[in-house]
2 protein chains.
Amino acid sequence: DIHILLLGERRVGKTSLILSLVSEEFPDDVPNRVEEITIPADVTPEKVPTHIVDYSESEQAEYQLCEEVGRANVVCLVYDLTDLSTLEKVKLKWLPLIREFSMQDNMLPVILVGNKSDLIPDSKMYEAVPIMNEYPEIETCIECSSKTLTNVSEMFYFAQKAVLHPTWPLYS
Amino acid sequence: DIHILLLGERRVGKTSLILSLVSEEFPDDVPNRVEEITIPADVTPEKVPTHIVDYSESEQAEYQLCEEVGRANVVCLVYDLTDLSTLEKVKLKWLPLIREFSMQDNMLPVILVGNKSDLIPDSKMYEAVPIMNEYPEIETCIECSSKTLTNVSEMFYFAQKAVLHPTWPLYS
Ligand SMILES: Nc1nc2c(ncn2[C@@H]2O[C@H](COP(=O)(O)OP(=O)(O)OP(=O)(O)O)[C@@H](O)[C@H]2O)c(=O)[nH]1
Ligand SMILES: Nc1nc2c(ncn2[C@@H]2O[C@H](COP(=O)(O)OP(=O)(O)OP(=O)(O)O)[C@@H](O)[C@H]2O)c(=O)[nH]1
Ligand SMILES: [Mg+2]
Ligand SMILES: [Mg+2]
């Protein structure tokens with residue numbers, strides 16, 4: 001089974017992304033956190049049962065975050081494309097924290113997710129590349145919108161793919 | 001050194017992508033094919049000398065294509081986001097041809113590149129996912145525009161990254 005954990009600053013859209021995937025529509029009202037969701041093997045592109053785990057700083061303590069990172073096979077690290085301070089926090093807070101808590105021999109793979117693409121006119125992927133350079137555990141980056149459902153299922157597909165076809169740095 | 005080869009149907013924008021990267025502006029008139037371009041190590045994000053190789057069916061025979069695939073470390077397989085028959089050809093013609101000609105023990109990594117994103121209102125990445133599922137040598141996909149320079153250097157960065165941090169399928 002695959003455990004996908006969503007992390008990132010408050011209000012970037014973690015819970016909305018999960019609910020958009022499951023309901024195929026944008027939820028107007030979202031709780032801070034949704035319970036773990038299990039997607040049966042036959043409806044996932046890679047045909048593996050997949051658990052999607054939400055995280056919310058407003059509801060969970062740091063030891064719970066540490067436990068969730070320990071159980072995860074991949075992290076979707078979400079930032080808000082309209083608020084690049086959330087990308088700065090990806091670099092300064094979340095990626096170091098994931099390294100610290102993951103305790104694996106291999107690095108825990110990360111998908112970097114720019115959400116709310118409906119609110120920006122053009123891609124900002126160039127902002128993510130320097131961070132990908134610094135942290136080779138970032139498999140890839142993707143821009144999506146839970147509001148327009150753009151690239152939402154693709155994001156979860158990239159996460160599955162990162163677990164099933166992992167990348168090992170040659171030089172590190 | 002890294003050899004990046006651009007392949008795909010005619011008129012999808014291979015030569016324009018290379019010239020946009022090099023000149024940082026969209027070339028109005030492009031030849032069918034440009035000569036191999038070498039990017040020195042110090043200006044590439046991964047700090048490795050990188051050769052970029054164009055291909056044009058109008059100017060090259062199939063045996064030359066076979067040779068180029070043999071020398072390549074990664075292929076950027078380009079299609080036109082405004083003409084999805086070029087994506088169909090990626091699946092039916094180009095990916096099988098790359099497998100046939102690459103003759104490596106490991107599969108030659110491929111980056112799937114949807115070009116001319118300036119001409120479409122929203123991402124069409126969902127069209128690429130079924131193909132990524134079928135061909136695990138596709139490391140990732142990206143949408144770009146050589147006209148607006150959107151994600152052009154990012155595309156070449158993904159190609160470099162695919163060579164330096166390759167993916168091996170766990171189950172294949
Ligand atoms: N325009 C737009 N708004 C979005 C999108 N995704 C989420 N939002 C809005 O952003 C706000 C925060 O979304 P949440 O899903 O609660 O964010 P979260 O990351 O789960 O936040 P916490 O649980 O507090 O950590 C809500 O008002 C959402 O409606 C999006 O893709 N586009
Ligand atoms: N709007 C738009 N037009 C583009 C873009 N990239 C290329 N074009 C146009 O598409 C046409 C074909 O571009 P080329 O770069 O010659 O394509 P190619 O893949 O090298 O074609 P062949 O050499 O024949 O295989 C030209 O008219 C370009 O100006 C783009 O990103 N946006
Ligand atoms: Mg939430
Ligand atoms: Mg050409």
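Numbered from 1 within each chain, the chains take letters A, B, ... in sequence-line order. As the structure is a computational prediction, the values presented were derived from the model and not from experiment. The basis for the numbers below is simple: all heavy atoms, side chains too, and nothing from hydrogens, waters or symmetry mates.
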**Student:** So which residue, B/T140, B/D118, B/N151, ends up with the most heavy-atom pairs under 4.5 Å with chain A?
**Tutor:**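 If we count pairs closer than 4.5 Å to chain A, B/N151 comes out on top.
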**Student:** Any salt bridge (charged side-chain N to carboxylate O under 4.0 Å, His left out) pairs touching residues 63-73 of chain B, not counting sequence neighbours?
**Tutor:**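 Residue pairs passing salt bridge (charged side-chain N to carboxylate O under 4.0 Å, His left out), neighbours aside: B/R33-B/E68, B/E36-B/R71, B/E68-B/R71.
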**Student:** At their closest point, which heavy atom of B/I4 faces which heavy atom of B/C76, and how far apart are they?
**Tutor:**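 Answer, listing the atom of B/I4 first, then B/C76: CG2-SG, 3.8 Å.
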**Student:** Among A/E100, A/E88, A/E57, which one satisfies salt bridge (charged side-chain N to carboxylate O under 4.0 Å, His left out) with A/K93?
**Tutor:**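 That would be A/E57.
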**Student:** Under 3.5 Å, side chain of A/Q160 to main-chain N/O of A/T50, donor-acceptor pair present?
**Tutor:**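 Absent.
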**Student:** Has A/N32 got a side-chain atom pairing as donor or acceptor with A/S56's backbone, closer than 3.5 angstrom?
**Tutor:**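 A pair under 3.5 Å: no.
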**Student:** Considering heavy atoms only, which positions within residues 127-134 of chain A lie below 4.5 Å of chain B?
**Tutor:**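 The stretch touches chain B at A/V129, A/M132, A/N133.
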**Student:** With only heavy atoms counted, which part of B/I138 is less than 4.5 Å from chain A, the side chain, the backbone, both or neither?
**Tutor:**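 Just the backbone, heavy atoms under 4.5 Å.
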**Student:** Salt bridge or not for B/D80 and B/K116, using N-O below 4.0 Å?
**Tutor:**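 Salt bridge flag = yes for B/K116 with B/D80.
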**Student:** State, without any angle test, whether B/T150 and B/S117 hold a side-chain donor-acceptor pair at a distance under 3.5 Å.
**Tutor:**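 Note: B/T150 and B/S117 side chains miss the donor-acceptor criterion.
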**Student:** If I measure from the heavy atoms of chain A, does B/Y157 come under 4.5 Å with its side chain, its backbone, both, or neither?
**Tutor:**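 Only the side chain of B/Y157 comes within 4.5 Å of chain A.
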